[in-house]
*Asks:* 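I'd like to ask you about the structure that follows.
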2 protein chains.
Amino acid sequence: MSTEPELSPLTPRAAEIVSAARVLLEEEGRDALTVRALADRLGIRAPSLYKHFSDKAAVEAALMERGLAETGAALHAALDAALHATPPGEPIGAVLRAYRRIGLAHPNLYRLTTSGPLPRQRLAPGLEEWAGTPFFLAAGEPYLAQALWSFAHGMVILELDGRYPEGSDLDRTWAEGAQAFTARRPRGGVERPGAEARG
Amino acid sequence: MSTEPELSPLTPRAAEIVSAARVLLEEEGRDALTVRALADRLGIRAPSLYKHFSDKAAVEAALMERGLAETGAALHAALDAALHATPPGEPIGAVLRAYRRIGLAHPNLYRLTTSGPLPRQRLAPGLEEWAGTPFFLAAGEPYLAQALWSFAHGMVILELDGRYPEGSDLDRTWAEGAQAFTARRPRGGVERPGAEARG
DNA sequence: CCTCCATGGCTAACTTTGTTAGCCAGACTC
DNA sequence: GAGTCTGGCTAACAAAGTTAGCCATGGAGG
């Protein structure tokens, strides 16, 4: 269990703004996350927000950090629980289930965090990699890990966007994917991820 | 090989507008696809576009139809080629390679077509399903098919968005996924997809 | 031939959005 | 007590999608 990287520091007021932004985003969707609407929630005027953040993208970057941190924490916890259970559980299945759960729990934050290019300069260093590490630990091998991560993201985002036909049994589709990837997992237990193809 | 559904009919002028929109989108990105910029390319003023489309979303829907149609055509062709080759090729690998190729060939159109909810009322009926059918034909079973599709979409969108670590060997990751899914493909060849969990 | 009207342009203008400029009140520091 | 930092404010702008309403062209029907 690696320790979580520290998020970019925020003043108390900035932290309040990010909290309000998160509620607004989650309750009313991405289009509703507007500078004026956010200011309204805080009882101030839109331009005042610029005393705390350089632009709207900076607020979104702070939200993305929270999304990454919570995702990473959930995945690390699920992996640890699986590995330390008696008998140990299947790590790939455990990570996949945790990933789906966190994506569906905060759909708009998930979308914000995972869609489009990441503003990496604005994110705490190491955070993105830390959040993805459980896939590497569960897969035991970097190529399988990236394939697993891609599958998981594809499943969540297509479900959130309503792209599956009505009535699809997605539990079964997730199980199918988990079995396909688990079958290719190298025996010999979990290894540290190699340096060459992480993420 | 099923026949492609007909796209929604367009007047000649509307077709010109969609063509211009496509060039604009592909050359300058999604943010550049603005009503005024599109009008500029056509040598007219922005409000004139509303004589041909009810709103910007209608132009985007026409673009999505083209994206779905081209994707579907490429996937059906790749699957047919694999199945009718001597000796027959591996259908899952063939469909995956074609999917990646078409996504990377038109990144902005791919993103537009596959991100966010689909405006299904504005799309030619049957088109979405037809485009996805090759996954079902290649997988031979609907749950594996949806898992395969999710994997493919996750891979393409994460690559387009630059989410993989620099230097990742994505060819190898694609191959890893192809092997994982191929191993679970039901023997006995390709079946028609069932009605219950298509897409 | 002349009228009618559908087609497809146009200008002007409005709303919403992100953003900047510049002012000001309170609080803390030297 | 003077100054400066903090965090509000109003006014205003540019870019976006969109609407209202005017006008030229051109083909159809009498």
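The shown structure was predicted, so the numbers you read here are calculated from the model rather than taken from an experiment. Here is how names work: the chains are called A, B, and so on, in the same order as the sequence lines, proteins then strands, and each is numbered from 1.
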*Asks:* Under 3.5 Å, which protein N or O atoms sit close to an N or O of nucleotides 4-6 of chain C? Give each pair with its distance.
*Replies:*
none

*Asks:* Any idea which of D/dT18, D/dG8, C/dG18 is nearest the A/Lys56 side chain?
*Replies:* C/dG18
*Asks:* Would you please classify the geometry between the A/His153 ring and the B/His153 ring as parallel, tilted or perpendicular, with 30° and 60° separating the classes?
*Replies:* parallel
*Asks:* Just jot down the side chain to side chain contact (heavy atoms under 4.5 Å, CB included) partners of B/Thr182, sequence neighbours excluded, or say none.
*Replies:* B/Glu90, B/Ile92
*Asks:* Grab the CD1-C1' distance between B/Ile44 and D/dC23 for me, whole Å please.
*Replies:* 16 Å
*Asks:* OP1 or OP2 of C/dT11 less than 4.0 angstrom from a side-chain nitrogen or oxygen of B/Arg45, does that happen here?
*Replies:* yes
*Asks:* OP1 or OP2 of C/dT7 less than 4.0 angstrom from a side-chain nitrogen or oxygen of B/His52, does that happen here?
*Replies:* no
*Asks:* Measuring to OP1 and OP2 of D/dG7, would you say a side-chain N or O of A/Ser48 lies under 4.0 angstrom away?
*Replies:* no
*Asks:* Check side-chain hydrogen bond (donor to acceptor under 3.5 Å, both in side chains) between A/Glu4 and all other residues, then give those that pass, not counting sequence neighbours.
*Replies:* none
*Asks:* May I have the distance from A/Asp40 (atom CG) to D/dC9 (atom P), rounded to whole angstrom?
*Replies:* 10 Å
*Asks:* Closest to the B/Tyr50 side chain: D/dT18, D/dG8, D/dT10?
*Replies:* D/dT18
*Asks:* Which other residues end up in the same hydrophobic cluster as B/Leu63, if Ile, Leu, Val, Met, Phe, Trp and Tyr are linked when side-chain heavy atoms come under 4.5 Å apart?
*Replies:* B/Leu7, B/Leu10, B/Ile17, B/Val18, B/Leu24, B/Leu25, B/Leu33, B/Val35, B/Leu38, B/Leu42, B/Ile44, B/Leu49, B/Tyr50, B/Phe53, B/Val59, B/Met64, B/Leu68, B/Leu109, B/Leu112, B/Leu118, B/Leu123, B/Leu127, B/Trp130
*Asks:* Between atom CZ in B/Arg13 and atom C1' in C/dT7, what is the gap in whole Å?
*Replies:* 12 Å
*Asks:* Tell me, for nucleotides 22-27 of chain C in 5' to 3' order, what letter each nucleotide earns: B for a base near a protein heavy atom under 4.0 Å, S for only sugar-phosphate near one, - for neither?
*Replies:* ------
*Asks:* Below 4.5 Å, heavy atoms only, C-beta onward: do A/Arg122 and A/Ser54 meet side chain to side chain?
*Replies:* yes
*Asks:* Of the residues in residues 22-36 of chain B, which ones touch DNA chain C at a heavy-atom distance under 4.0 Å?
*Replies:* B/Arg36
*Asks:* Pairs in or reaching into residues 8-41 of chain B: which pass ring-ring contact (aromatic ring centres under 6.0 Å, His included), with residues at least two apart or in two chains?
*Replies:* none
*Asks:* Round to a whole Å and report the spacing from CZ of B/Phe53 to C1' of C/dG8.
*Replies:* 14 Å
*Asks:* Checking A/Arg97 now: which residues fulfil side chain to side chain contact (heavy atoms under 4.5 Å, CB included) with it, not counting sequence neighbours?
*Replies:* A/Ala94, A/Arg101
*Asks:* Test: side chain to side chain donor-acceptor pair (under 3.5 Å). Region: residues 59-71 of chain B. Which pairs qualify, not counting sequence neighbours?
*Replies:* B/Ser8-B/Glu65, B/Arg22-B/Glu70
*Asks:* B/Leu49 CG to C/dT11 P: how many Å, rounded?
*Replies:* 14 Å
*Asks:* Who are the side chain to side chain contact (heavy atoms under 4.5 Å, CB included) partners of A/Glu16, not counting sequence neighbours?
*Replies:* A/Arg13
*Asks:* Between atom CG in B/Leu42 and atom P in C/dT7, what is the gap in whole Å?
*Replies:* 19 Å
*Asks:* How many whole angstroms separate atom CD of B/Glu60 from atom P of D/dA16?
*Replies:* 14 Å
*Asks:* Check the pair A/Phe151 / A/Phe135 against side-chain contact (heavy atoms from CB on, under 4.5 Å), numbers first and verdict last.
*Replies:* CA-CA 11 Å; A/Phe151 165 72; A/Phe135 283 108; over 6 Å; no
*Asks:* Could I get the full list of side-chain hydrogen bond (donor to acceptor under 3.5 Å, both in side chains) partners for B/Glu28, not counting sequence neighbours?
*Replies:* B/Arg41
*Asks:* Applying side chain to side chain contact (heavy atoms under 4.5 Å, CB included), name anything that partners B/Arg36, two or more places apart in sequence or on another chain.
*Replies:* B/Ala46
